Asker: 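Please find one structure pasted underneath; my questions will follow.
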Number of protein chains: 2
Amino acid sequence: MPRAGLSRAAVTDIAVELVDSAPDGFAGLTLAAVAARAGVAVPSLYKHIGSLAELRRAVALVGLSELLRRSSAATVGVAGPDALRALGRELRAFASGHPGLYAATQVAPDLNDPTALALAQVAHDTVSVVISVLRGFGLADERCVDAVRATRASVHGFVELEAHGGFGMPDDVDRSFEALLDVLVAGIGQLART
Amino acid sequence: MPRAGLSRAAVTDIAVELVDSAPDGFAGLTLAAVAARAGVAVPSLYKHIGSLAELRRAVALVGLSELLRRSSAATVGVAGPDALRALGRELRAFASGHPGLYAATQVAPDLNDPTALALAQVAHDTVSVVISVLRGFGLADERCVDAVRATRASVHGFVELEAHGGFGMPDDVDRSFEALLDVLVAGIGQLART
DNA sequence: GCCATTAAGCTAATACTATTAGCCAAAGCC
DNA sequence: GGCTTTGGCTAATAGTATTAGCTTAATGGC
């Protein structure tokens, strides 16, 4: 009975690969698929993870960390509308290139999970990036959270509708996304003047 | 062996009730729960529906129809920014009051499903309502589809983030939604001027 | 270098899920 | 009243996650 040399990180890595390549993505993640890829029986996975739900949250942490990394990288040295556009484009590109990982970033966190703290931390940092990006618009403090939510909602909504085939007609989706960024830039600019 | 007097419509109605009351909502819809509520064994349901997936699409049709009905009702006799705000508020209210039914409206349609045509029809009509609402903004024709997509994306994204607990801090979410509508109105107004 | 402990795999079993096959009786039609 | 259709049933299959308990590989102490 030779060992496969698994670990919590190795199992999570396999899950990350699977959610981006499997047809059913994050929602269709299954321990059977992970075990098959690892060359191991299903119950063996429980030596490294507590449950499927916990594995899903581990994948979520990877996704959120990558999202934070990209968001930061895309907006260093840019400000105002340009930064907002860059952030939006990067988010859409991430969701397009890693649909499963992006979907994972939407899971609800769970307390009494080993990764709960790390997850809350990276989620906070991600919001901080958005706040920094919006700083260039000169928003009043009490308007800032509204602007952050409008930004997240708009981009996330677009990305999700696009991913789930919600846009019936195949009119140029790239152009529509640029229009969304126009709407956001103009709208938040207006929000700053009220 | 007395009969329960089920039918496709009755089964669908039970499923509709369940997705709005059950904790796991639309994603956690199960034939076992439907059968229990109907007072029938699970396999008996197959006399009325083809599969769980088909039942989910039937629920989606109910949800989309209700969404269309409410969207129309909320925007008759209103125009321009007021209509857009009314539409947005109605959508959010629907999602808040019927979370399972709202989630159901996001399923991907499937051809060779008995309800595929009806589903496409009601989806088309729903988009028509949004187009009518945006007519008051005086958009160029080629900008119209972009504006529709920006509207759907923004509102849907907000509603979904709100439903999944995506807004960490409990700052006034109602106010943030009104701010989103402000952003949308200002942004689409700007889009019309380009 | 051996021994004891820990840790990582396994099989087996349980409890769910959907789905199909085949049977049986209730309801409706002629 | 009998025949057909239809709506229920039980039983069986295959898939899912999860727990329990066993066995053996790797590792640390002396």
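The model shown is predicted, which means the values in this text are computed figures rather than measured ones. Here is the naming used below: chain letters follow the sequence lines, and residue numbers restart at 1 for every chain.
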Asker: Of all the choices, D:dC9, C:dT17, D:dA17, which nucleotide is nearest to the side chain of B:Ala32 once you look at every atom?
Answerer: C:dT17
Asker: Among D:dT10, C:dT17, D:dA17, which nucleotide has an atom closest to any side-chain atom of B:Pro43?
Answerer: D:dT10
Asker: Looking at the base of C:dA7, is there any donor atom on it, or on the side chain of A:Arg3, that sits under 3.5 Å from an acceptor on the other one?
Answerer: yes
Asker: Between B:Arg92 and B:Glu162, is there a side-chain N and carboxylate O pair less than 4.0 Å apart?
Answerer: yes
Asker: Side-chain N or O of B:Thr30 less than 4.0 angstrom from OP1 or OP2 on C:dA18?
Answerer: yes
Asker: Which residue lies toward the 5' end of DNA chain C, A:Gly5 or B:Leu29, if each is placed at its nearest nucleotide?
Answerer: A:Gly5
Asker: Do the charged groups of B:Glu54 and B:Arg57 touch, with an N to O distance under 4.0 Å?
Answerer: no
Asker: Does this structure show an ion pair linking B:Arg89 with B:Glu178, if we count only N-O contacts that are shorter than 4.0 Å?
Answerer: yes
Asker: Given D:dC9, is OP1 or OP2 found less than 4.0 Å from the side-chain N or O atoms of B:Ser44?
Answerer: yes
Asker: In whole Å, I'd like the distance from the CG atom of B:Asp24 to the P atom of C:dT17.
Answerer: 12 Å
Asker: Determine yes or no for a side-chain-to-main-chain donor-acceptor pair under 3.5 angstrom, with B:Asp20 supplying the side chain and B:Gly100 the backbone.
Answerer: yes
Asker: D:dT19, D:dT16, C:dA18: which one has an atom nearest the side-chain heavy atoms of B:Tyr46?
Answerer: C:dA18
Asker: B:Val40 near the nucleic acid: base, sugar-phosphate alone, or nothing, with a heavy-atom cut-off under 4.0 Å?
Answerer: sugar-phosphate
Asker: Could you tell me how far apart B:Leu52 (CG) and C:dT17 (P) are, to the nearest whole angstrom?
Answerer: 11 Å
Asker: Between A:Glu54 (CD) and D:dT18 (P), how many Å, whole number?
Answerer: 10 Å
Asker: Any side-chain N or O of B:His48 below 4.0 angstrom from OP1/OP2 of D:dT6?
Answerer: no
Asker: Can you name the ring-ring contact (aromatic ring centres under 6.0 Å, His included) partners of A:His98, sequence neighbours left out?
Answerer: A:Phe94
Asker: Between C:dT17, C:dG9, D:dA17, which nucleotide gets closest to the side-chain atoms of A:Lys47?
Answerer: C:dG9
Asker: To the nearest Å, how far apart are A:Ile49 CD1 and D:dT18 C1'?
Answerer: 11 Å
Asker: Rounded to the nearest Å, what distance is computed from the CZ atom of residue B:Arg56 to the P atom of nucleotide C:dA18?
Answerer: 10 Å
Asker: Grab the CG-C1' distance between B:Leu45 and D:dC9 for me, whole Å please.
Answerer: 12 Å
